[in-house]
Amino acid sequence: MKGKRKILFQIGIVVFVVFFLIMVMTEYVVYSQNTNIYLTAKNEMIDKDLETIEGSLYTVTTNKIIEYIAGDTKNINGELSDTEYEWLYDQEELWKDHKNDEGRNRYDSFFEGLDEEHKIILAKHDCNLLGTMLWTSAYDKGYDDVYIIRPVNRKEAVVISYDSFAEINEKYKELINNSETDASESSAGDDSANEGKKSQINKKYEYGQIIDFDLDERAEIDHLIKNKKSDSSFEKRIEPDGSAYYIGYHTVFSDGELEYIVCVEYNWSEVYSSFIGNVTKGLIRNTLVGLGFSATVILLCLFFITVKPLKQVKDTMDLYMSTKNSEDVENKLSTLKSRNEIGDLAEHFRELTKEMDRYTAENVALAEDKARIKTELNLAASIQGQALIKEFPDSDCYEISASMNPAKEVGGDFYDVFDIDEDHLALVIGDVSGKGVPAALMMMAGITLIRSFANPGVKPSEVLSKVNESIVQKDFDKMFITIWIGILDKKTGVLTTSNAGHEYPALKQSDSYELYKDRHGLVAGGMKGVKYFDHEIQLKDGDMVFVYTDGVPEANNSSNELFGDERMLEALNKNADASPDEVLENVKASVDTFVGEAEQFDDLTMLCIKYHQR
């Protein structure tokens with residue numbers, strides 16, 4: 001169960017990360033879309049406000065006066081005196097009505113006909129009216145600033161605005177409250193008194209300031225001016241202190257000429273941060289709720305679809321490990337209804353347990369067969385050992401020693417020593433092709449055949465011929481035997497030998513051993529009608545004959561090097577005067593040293609006889 005909780009935990013982490021990334025990307029898209037929607041809506045609102053403000057300003061002044069202010073600002077700074085106000089009100093009928101194009105034309109004509117002194121008075125008055133209109137627009141619509149500008153050249157513009165919005169805001173509310181109080185106390189108040197209070201408000205504004213206004217950096221506004229198109233554009237400006245302002249510009253044309261540009265602005269940092277804060281909180285809340293809900297649902301689904309069935313499979317596996325009974329697995333997993341890879345896993349596990357039961361039964365049977373075979377091999381080795389002569393015929397004319405070390409439980413090599421008659425001794429060594437029990441059986445058949453054919457007066461070559469014919473006739477599954485046979489005349493010391501494909505014997509007739517390279521015949525059992533040859537060797541007192549199977553020269557080490565004839569002769573000649581027992585020990589020790597840790601590949605059989613002349 002602990003492992004399954006770990007899997008669920010790991011899956012949970014993956015699900016959480018994946019869903020978190022998905023939710024973050026989704027919320028980013030939503031955030032971007034909301035931001036664009038907000039900005040678009042804000043622009044549309046500003047655009048409508050600009051048009052409203054434009055309509056209000058249209059009733060206040062004309063292009064000629066704005067053009068005059070933009071052309072020369074130094075003479076219109078300052079407030080109007082009472083005398084200047086009196087002159088204005090005396091001329092009111094001439095300039096007051098310019099709410100339509102006809103009235104504006106009369107207003108422009110009137111302005112053009114004035115001298116410079118009265119132009120300044122009228123310009124100051126209009127600037128005051130513009131300032132009041134701009135301030136009230138900002139106050140009513142909640143903007144940080146509302147002003148109008150008119151480019152003087154491509155780098156500068158004249159701005160008409162109000163001074164210190166915060167200060168004027170408080171004074172404006174105070175004046176309005178006072179006006180409303182006075183009106184309630186005297187409903188028949190003097191109109192001239194109200195006009196006086198309005199004039200006090202008008203005196204709170206500055207106008208005609210020169211500002212930097214680079215049209216090269218305002219491509220949209222420049223495009224509107226060049227094409228004489230009344231429309232809005234928007235700009236975000238970053239102040240040196242890091243605060244950001246969002247500005248809407250609206251170009252105003254009259255008779256194809258630019259009158260002015262209406263501008264509104266608000267603190268982008270405050271408004272946008274408030275909006276972003278609310279959106280961000282909503283997004284974070286939605287993200288966490290969505291993530292938690294989705295992860296919970298998915299993990300629950302994974303538990304019932306994956307973890308719980310896997311636990312059932314795991315418990316079944318534990319049960320099988322303890323009982324080794326596939327029927328328990330079948331009963332346990334029969335209730336599993338998963339139609340997915342887990343169901344396939346359970347089905348494969350059921351099949352696996354059945355196969356393991358079958359395999360276990362086969363292994364038990366195989367172990368029994370192996371034990372039986374081992375017993376039979378041990379018996380065969382015992383029989384083979386008994387078949388090999390342990391006690392040699394006793395005589396004072398020779399010393400004999402022989403040994404066989406099989407590569408497996410039973411081998412195919414053999415040796416034999418027996419008296420043919422009182423004066424003749426037979427020496428035999430052979431090597432059956434193959435290994436194991438078949439070779440051992442063939443070896444015993446070979447010994448039996450040789451003994452049956454080695455009769456008094458029969459030459460070694462004749463014995464080999466009869467053995468060969470018998471093996472070929474009986475067809476021992478294409479098996480064959482290499483045989484060396486020698487018949488020693490005890491009286492004369494003449495050793496008559498014949499060789500059926502066996503190794504050359506080694507003779508010591510002087511101070512050292514040398515190979516006696518006799519003429520070989522074909523292996524016994526190779527084919528019918530093979531001719532074998534006899535060789536006579538005259539042994540003298542102290543001469544020795546060493547015969548062996550190919551397991552001696554063909555013994556190999558871990559580097560796959562062969563022991564070879566030269567190393568064998570070297571081992572024999574280390575102590576050439578050694579007894580037959582010592583000779584076999586010396587050769588066996590040299591072979592073992594050479595082979596080292598390498599596995600014995602072939603049977604290793606040796607026979608040695610030392611002749612003593614009577």
Side-chain angles (χ1 to χ4, degrees), residues 33 35-71 98-101 103-105 108 126-127 129-131 133-162 207 209-238 244-268 271-272 275:
Q33 291 177 343
T35 303
N36 292 333
I37 292 172
Y38 169 78
L39 192 58
T40 301
K42 196 70 174 177
N43 288 347
E44 291 178 355
M45 181 191 72
I46 294 172
D47 188 49
K48 291 180 180 179
D49 288 344
L50 287 169
E51 290 180 357
T52 301
I53 294 170
E54 174 195 348
S56 298
L57 297 178
Y58 186 81
T59 65
V60 175
T61 189
T62 66
N63 185 41
K64 291 292 184 181
I65 297 179
I66 297 297
E67 183 179 359
Y68 176 77
I69 296 171
H98 52 274
K99 297 181 179 180
N100 52 50
D101 291 341
R104 291 171 68 84
N105 291 333
D108 287 340
D126 279 16
C127 283
L129 291 178
L130 286 171
M133 184 70 69
L134 294 173
W135 186 89
T136 54
S137 296
Y139 178 79
D140 293 340
K141 299 184 180 301
Y143 291 107
D144 286 353
D145 202 357
V146 179
Y147 51 92
I148 63 174
I149 59 176
R150 180 183 176 99
V152 178
N153 50 53
R154 295 194 63 80
K155 298 296 182 181
E156 296 176 323
V158 172
V159 62
I160 300 176
S161 181
Y162 56 86
Y207 37 81
Q209 298 173 343
I210 295 292
I211 63 169
D212 293 331
F213 194 76
D214 194 342
L215 290 175
D216 293 331
E217 296 179 356
R218 294 171 169 83
E220 293 187 8
I221 298 177
D222 191 32
H223 176 74
L224 295 175
I225 293 174
K226 288 180 178 179
N227 289 275
K228 299 181 179 181
K229 181 179 180 181
S230 292
D231 204 348
S232 301
S233 66
F234 304 91
E235 172 187 62
K236 188 168 75 170
R237 185 180 74 242
I238 307 297
Y245 289 89
Y246 197 70
I247 308 171
Y249 298 97
H250 188 80
T251 53
V252 180
F253 290 87
S254 178
D255 296 331
E257 296 296 331
L258 178 68
E259 286 200 42
Y260 46 80
I261 302 174
V262 185
C263 307
V264 298
E265 70 176 44
Y266 63 90
N267 191 309
W268 173 265
V271 176
Y272 190 70
F275 164 75

As a quick check of understanding, evaluate salt bridge (charged side-chain N to carboxylate O under 4.0 Å, His left out) for R218 and D214, giving each step before the final call. CA-CA 7 Å; R218 294 171 169 83; D214 194 342; over 6 Å; no
Within the structure provided, determine whether I149 and V158 are in side-chain contact (heavy-atom separation under 4.5 Å). no
Is any side-chain heavy atom of V159 closer than 4.5 Å to a side-chain heavy atom of I148? no
What do the steps show when you test F213 against V152 for side-chain contact (heavy atoms from CB on, under 4.5 Å), and what is the final call? CA-CA 9 Å; F213 194 76; V152 178; over 6 Å; no
Judged by atom type as modelled, is there a donor-acceptor pair below 3.5 Å linking the side chain of R150 to the main-chain atoms of I261? no
Please check: side-chain N/O of T251 versus main-chain N/O of K229, any donor-acceptor pairing under 3.5 Å? yes
Mind listing the closest non-hydrogen atom pair of A157 and P151 along with its distance? CB-CA, 3.6 Å
Nearest heavy atoms of S232 and H250, plus distance in Å: OG-ND1, 2.8 Å
Roughly how far, to the nearest 0.5 Å, is the [atom2] atom of [Y] from the [atom1] atom of [X]?
| X | Y | atom1 | atom2 | result |
| --- | --- | --- | --- | --- |
| L258 | I225 | CG | CD1 | 5.5 Å |
| K155 | E217 | NZ | CD | 6.5 Å |
| E220 | L215 | CD | CG | 13.0 Å |
| Y249 | L50 | OH | CG | 11.0 Å |

Go through the steps for D216 and R154 under the test side-chain contact (heavy atoms from CB on, under 4.5 Å), then give the verdict. CA-CA 7 Å; D216 293 331; R154 295 194 63 80; 2.9 Å; yes
Please assess I247 against V264 for the test side-chain contact (heavy atoms from CB on, under 4.5 Å), listing each intermediate value before the final yes or no. CA-CA 6 Å; I247 308 171; V264 298; over 6 Å; no
Tell me if the CG atom of N227 is crowded by more than 12 foreign heavy atoms within 6.0 Å. yes
Do Y245 and D145 have a side chain donor and acceptor closer than 3.5 Å? no
Is R237 close enough and on-axis enough to Y246, meaning under 6.0 Å and within 45°, for cation-pi? no
